[in-house]
Structures are given as C-alpha cells and as structure tokens.
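Structure record follows, encoded as structure tokens.
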Amino acid sequence: MCSETGSRYTGMLLLALATAAIVANLLLYFPNGQVLEPANITDFVWFFHGFLGAGLLVLVPALMLLRGGGEDCCAHRCGVSTARSMLFPVLLAIQGTVGAVYCVVISSLGLLSGPFCDTGSGNYTYPFRNGSLEDNYLFNQPTWTTCQEPEHIVLWNVVLFSILLGIGMVEAMLCLSQVISGLCDIYCGTCIRKGQLQFKCIPVWG
C-alpha cells in the first residue's frame with residue numbers, strides 16, 4: 001500500500017468507480033427520465049447500494065490512497081508505531097471491500113427479481129418474481145413487454161443494476177488487494193534509508 005504510483009492509480013480508479021456508482025444509483029430513481037412516486041420505485045433501489053455501498057464507503061479509502069502513499073507512507077514503516085499507523089488504511093480498505101460486496105449482493109438480487117411496474121392493470125407489481133432461475137426474464141427478452149409503465153423500465157433496471165454489479169465487483173477486488181497488501185506491509189515492512197534496503201517484521205499483536 002506504500003507504492004506511490006500504484007496507490008494513486010488505485011485511488012483514482014476507485015474514486016471514478018464510486019462516483020459512477022452514485023450516479024447509476026441516482027438514475028434508478030428516474031426510470032427512462034420519469035419522476036415516479038416513491039411507492040412506485042423498485043424496492044431494491046432503496047437499499048442505497050450505489051450511494052452507500054459502492055459509493056461513500058469506497059470514496060473514503062479512495063481519497064486516503066490519493067492523499068497517502070509514496071515516501072511519507074513508507075517512512076512510517078521505520079517508526080515505533082508502525083503497525084498501528086498502517087492499520088488504519090487497512091481498516092478503510094476493509095470498509096471499502098464490505099461496501100463493494102454489499103453493492104454486488106443487492107445488484108444481483110435486483111437483477112434477479114426484476115422491476116416494479118404496471119402490467120396494464122393500473123396497479124404496480126413485481127411480475128418476474130415468481131419465475132424460476134431457468135425461466136428468468138433476463139434470458140427471455142420478449143417477456144419484458146409485460147411491464148408497460150414506466151416505459152422501458154425493464155431495460156433501464158437491467159442496464160443500471162448490471163453496471164452497479166460490475167462496479168461493485170471491480171471495487172471489491174481493488175479494495176481486497178489493498179487489504180492484503182496492507183496486512184503484508186504490517187507483518188513484514190520494509191525500510192529504505194540512504195539507499196539501503198532493510199526488512200523488518202513487525203508483530204501485529206505487539
């Protein structure tokens with residue numbers, strides 16, 4: 001986690017992904033650009049998996065990576081409080097991993113369950129929630145016309161939930177890699193002083 005270039009690139013990527021997740025989650029509230037009553041919005045949208053999970057919980061470690069890293073971070077490895085000072089970025093990376101996984105889970109459920117829509121009766125319902133996995137609407141596009149209002153709601157939900165699913169998966173891998181890297185740094189850090197490379201193992205429990 002103390003590679004300046006690697007940390008900054010990872011931070012920039014996480015920042016872009018978190019911003020995209022927030023925008024995608026926001027768009028789910030306005031299917032096809034329409035403003036709906038809160039009661040007519042698909043329930044999984046209200047889990048804030050893009051805002052909170054892949055968004056805010058990932059933004060914090062992303063900003064930490066952008067501000068940290070490099071010589072300042074690596075210099076801390078040689079101090080007395082090395083393990084404690086390096087544990088905080090690991091905890092933030094774990095937070096980001098949890099948020100990203102949360103987004104993956106909710107996005108998957110949202111995709112499998114389908115949208116909340118009007119099938120022509122004037123009442124909103126979930127027409128695709130009673131089907132089996134083999135007969136899921138995702139693999140039977142002609143059934144998408146079952147939802148008449150809001151217009152193109154099925155395509156809207158499928159695209160945005162898929163985007164959030166992909167974002168969450170990438171974020172989870174990036175944050176998890178930072179967790180593993182950080183734990184390795186804590187357990188066995190390196191100190192670079194005047195061109196001499198020293199290896200110093202630091203007990204986490206000390």
Side-chain angles (χ1 to χ4, degrees), residues 10-64 92-176:
T10 302
M12 290 173 61
L13 182 55
L14 286 175
L15 181 61
L17 289 171
T19 303
I22 292 174
V23 172
N25 199 158
L26 179 63
L27 290 175
L28 281 171
Y29 289 95
F30 305 98
N32 204 38
Q34 300 180 41
V35 179
L36 302 180
E37 294 291 333
N40 294 336
I41 296 176
T42 304
D43 53 2
F44 280 109
V45 179
W46 296 104
F47 282 78
F48 304 111
H49 55 297
F51 282 124
L52 180 61
L56 296 180
L57 291 180
V58 175
L59 275 177
V60 178
L63 294 175
M64 180 273 299
L92 289 182
I94 293 175
Q95 168 191 295
T97 303
V98 172
V101 171
Y102 174 70
C103 181
V104 169
V105 172
I106 299 301
S107 297
S108 300
L109 293 175
L111 277 173
L112 293 174
S113 300
F116 192 47
C117 65
D118 181 3
T119 59
S121 63
N123 297 320
Y124 276 68
T125 184
Y126 293 96
F128 305 117
R129 290 197 174 179
N130 296 325
S132 62
L133 186 60
E134 293 78 9
D135 299 328
N136 192 273
Y137 76 102
L138 292 172
F139 311 107
N140 190 7
Q141 190 169 346
T143 61
W144 293 10
T145 57
T146 302
C147 287
Q148 298 185 13
E149 289 293 337
E151 188 177 3
H152 304 305
I153 180 63
V154 179
L155 179 62
W156 190 269
N157 271 30
V158 168
V159 171
L160 291 175
F161 273 114
S162 296
I163 290 174
L164 286 167
L165 176 62
I167 289 175
M169 292 176 66
V170 175
E171 287 180 341
M173 289 187 292
L174 291 174
C175 289
L176 185 60

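Within the 4.5 Å cutoff, no side-chain heavy atoms of Val58 are placed close to those of Leu17. Using a 4.5 Å heavy-atom threshold, the side chains of Thr42 and Leu28 count as separate. Looking at heavy atoms from C-beta onward, Thr146 lies in side-chain contact with Phe128 at the 4.5 angstrom threshold. When side chains are defined from C-beta on, Pro31 counts as touching Leu36, because their heavy atoms get closer than 4.5 Å. Annotation: side chain of Leu52 is in contact with side chain of Leu57 (closest heavy-atom distance under 4.5 Å). In this structure the side chain of Asn32 never reaches within 4.5 angstrom of the side chain of Pro150, judged on heavy atoms.
Remark: Val23 pairs with Leu27 by the side chain to side chain contact (heavy atoms under 4.5 Å, CB included) rule, at least two apart or across chains. Listed by chain and number, the residues in a side chain to side chain donor-acceptor pair (under 3.5 Å) with Thr97 amount to none (sequence neighbours excluded). Listed by chain and number, the residues in a ring pair (Phe, Tyr, Trp, His ring centres under 6.0 Å) with Phe30 amount to none (sequence neighbours excluded). Checked against side chain to side chain contact (heavy atoms under 4.5 Å, CB included), Ser121 has the following partners two or more places apart in sequence or in another chain: Asp118, Thr119, Asn123. Annotation: ring pair (Phe, Tyr, Trp, His ring centres under 6.0 Å) contacts of Phe44 (sequence neighbours excluded): Phe47.
Between the side chain of Ser107 and the backbone N or O of Val104, no donor-acceptor pair lies under 3.5 Å. For Asn136 (side chain) and Leu112 (main-chain N/O), a donor-acceptor pair under 3.5 Å exists by modelled atom type.
What you find for Leu164 and Ala21 is that their closest heavy atoms are CD2-O, 3.5 Å. Contact record, Gln148 with Gly120: OE1-CA, 3.7 Å, taken as the closest heavy-atom pair. Nearest heavy atoms, Glu171 versus Ala18: OE2-N, 3.2 Å. Taking each heavy atom of Leu14 and Ala62 in turn, the nearest pair found is CB-CB, 3.6 Å. Counting all heavy atoms, side chain and backbone alike, Pro115 lies closest to Cys147 at CG-SG, 4.2 Å. Ile41 and Tyr29 make their closest contact through CD1-CD2, 3.8 Å (heavy atoms, listed as atom of the first residue, atom of the second, distance).
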Open item on the list: Between Phe51 and Trp46, does the ring-ring contact (aromatic ring centres under 6.0 Å, His included) criterion hold? Intermediate values first, please.
Closed with: CA-CA 10 Å; Phe51 282 124; Trp46 296 104; 9.9 Å; no
TODO: Start with the C-alpha distance between Ile22 and Phe48, add both sets of side-chain angles, then the distance that settles side-chain contact (heavy atoms from CB on, under 4.5 Å), and finish with yes or no.
DONE: CA-CA 9 Å; Ile22 292 174; Phe48 304 111; over 6 Å; no
Task: Check against side-chain contact (heavy atoms from CB on, under 4.5 Å), Val154 and Cys117 - done: CA-CA 9 Å; Val154 179; Cys117 65; 5.6 Å; no
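Within the structure, the ring-ring contact (aromatic ring centres under 6.0 Å, His included) test picks out the following pairs touching residues 97-119 (sequence neighbours left out): Phe116-Tyr124, Phe116-Tyr126.
Going from atom CG of Leu59 over to atom OG1 of Thr19 covers 5.5 Å, rounded to the nearest 0.5 Å. Considering CG of Leu109 and CG of Leu165, their distance stands at 10.5 Å, rounded to 0.5 Å.
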